[in-house]
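Quick notes on the structure that follows.
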Number of protein chains: 2
Amino acid sequence: MRRPAQTSRAAGAPARGAEQSESSEKKLFVDFLLDKNLKLTRQREAVVDEIFGGSGHFEAEEIVQRLKLNRSRVSRATVYRTLELLLECKLVERLELGGTGSYYEHVHPGEHHDHLICTQCGNVIEFHNEKLENMQAEICNNFDFQETHHSLRIFGLCSKCGQIPQ
Amino acid sequence: MRRPAQTSRAAGAPARGAEQSESSEKKLFVDFLLDKNLKLTRQREAVVDEIFGGSGHFEAEEIVQRLKLNRSRVSRATVYRTLELLLECKLVERLELGGTGSYYEHVHPGEHHDHLICTQCGNVIEFHNEKLENMQAEICNNFDFQETHHSLRIFGLCSKCGQIPQ
DNA sequence: ATTGAATATGAGACTAAATCTCAATTATAA
DNA sequence: TTATAATTGAGATTTAGTCTCATATTCAAT
């Protein structure tokens, strides 16, 4: 996986409709903060705006840099701390692409998806399959396991890379 | 996840029967080396013996230490390098438990399993579900994606931890 | 508006995990 | 035995992320 990873949006993981505005998601975050007696600071707001404003997956360091270039000054520590909060309230998911560090992605409420990861070109394809999700729920049930979140990653060669003889 | 992680073997991921001896798996590794014009060294053999001899999941550093204590001297670099080879020939799988580093586990040929990971006590439950695997294969097929491997992790509270009110 | 207390931040030190370097060593085929 | 390609080890280095703690900020109560 040499090239910087890109994201394709697949059927089943459609672009968010107009019924879910960015500000309503931001409100979810603000409510989450209130609920935990945490404060809405300039820095947290900047991080959230940056993440909700972008698309695809990103590294924590990328947010640090984007903030540095574009607008407010937010420290690395605060970016990581805010990402933790966003993970907790499920507006962001962590994604390990097989390399060393973690990627993150903004997820719209109730729109979880899984990933096909091309180990050749780095392309990441999102998909969602309800039957798969249901079966996982069933398995959890069998084990009396209370799921909070899950991650399914399928690694291999995408349609383009699969055609080139290895 | 505070305590050192432990592994439970669940139904569907049974203990290996007598029909698959450790030495036959070692032969798979040796053949893999030969096939790639790689050499069977004392160090590689020591790493493989250590891994095939143990059970459950482990960190790379753990193997470095176990080798240091028990028998031969093998450098950290060589342990990591040998793990890469074992991943490639699918005798070992990498497992990210949500913390910083990676875990590995010895997998017997054709016996892949997935994981339920308790974020409270660190317990890791293995499971295998053929229907789930088939559906994944179908999804790959739909995307013309050639899978090499996959990883499904379900995080949450195990039956014990789920009973304790949060 | 002011105040106070709890919460948050930033700079940079620190840690952990993994990779890299390259001179010296070793396995294997001829 | 020899040639050579592959391998190794020690430790430097990189990377990703966490931690510390003095200072600053938020926000509810006044």
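In what follows, every heavy atom counts, from backbone to side chain, and hydrogens, waters and symmetry copies are set aside. Sequence lines set the chain letters: A, B, ... in the order given, protein chains first and strands last, and positions in each chain run from 1.
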Can you measure [X] atom [atom1] to [N] atom [atom2] for me and round it to whole angstrom units?
X: B/E45; N: C/dT26; atom1: CD; atom2: C1'; result: 14 Å
X: A/Q65; N: D/dA16; atom1: CD; atom2: P; result: 12 Å
X: B/N37; N: D/dT4; atom1: CG; atom2: P; result: 17 Å
X: A/E96; N: C/dA18; atom1: CD; atom2: P; result: 12 Å
X: A/L33; N: C/dA8; atom1: CG; atom2: P; result: 8 Å
X: B/R42; N: C/dT28; atom1: CZ; atom2: P; result: 14 Å
X: A/L40; N: C/dA6; atom1: CG; atom2: P; result: 21 Å
X: B/L38; N: C/dA27; atom1: CG; atom2: C1'; result: 12 Å

Given [N], is OP1 or OP2 found less than 4.0 Å from the side-chain N or O atoms of [X]?
X: B/Y80; N: C/dT19; answer: no
X: A/R44; N: C/dA8; answer: yes
X: A/T41; N: C/dT9; answer: yes
X: A/S102; N: D/dG17; answer: yes
X: B/S75; N: D/dT8; answer: no
X: B/T100; N: C/dA16; answer: no

Closest contact, heavy atoms only, A/H115 versus A/V124: CD2-CG1, 3.5 Å
Reckon A/R81 touches a base, only the sugar-phosphate, or nothing at all at heavy-atom distances under 4.0 Å? base
Assign each of B/L34 and B/Q43 to its nearest nucleotide of DNA chain C by heavy atoms, then name whichever residue's nucleotide is nearer the 5' end. B/Q43
Both B/R76 and A/L85 contact DNA chain C. Which one's nearest nucleotide lies toward the 5' end? A/L85
In this structure, is the centre-to-centre distance between the rings of B/H150 and B/H112 below 6.0 Å? yes
Check A/E84 with A/R94, please: is the shortest side-chain N to carboxylate O separation under 4.0 Å? yes
Carboxylate-amine/guanidinium proximity below 4.0 Å for B/E96 and A/R153: yes
Before giving the answer on side chain to side chain contact (heavy atoms under 4.5 Å, CB included), spell out for B/L97 and B/L95 the whole-Å C-alpha distance, their side-chain angles and the decisive distance to 0.1 Å. CA-CA 6 Å; B/L97 292 179; B/L95 177 57; 3.7 Å; yes
From the set D/dA6, C/dA6, C/dC20, return the single nucleotide nearest to any side-chain atom of B/K39. D/dA6
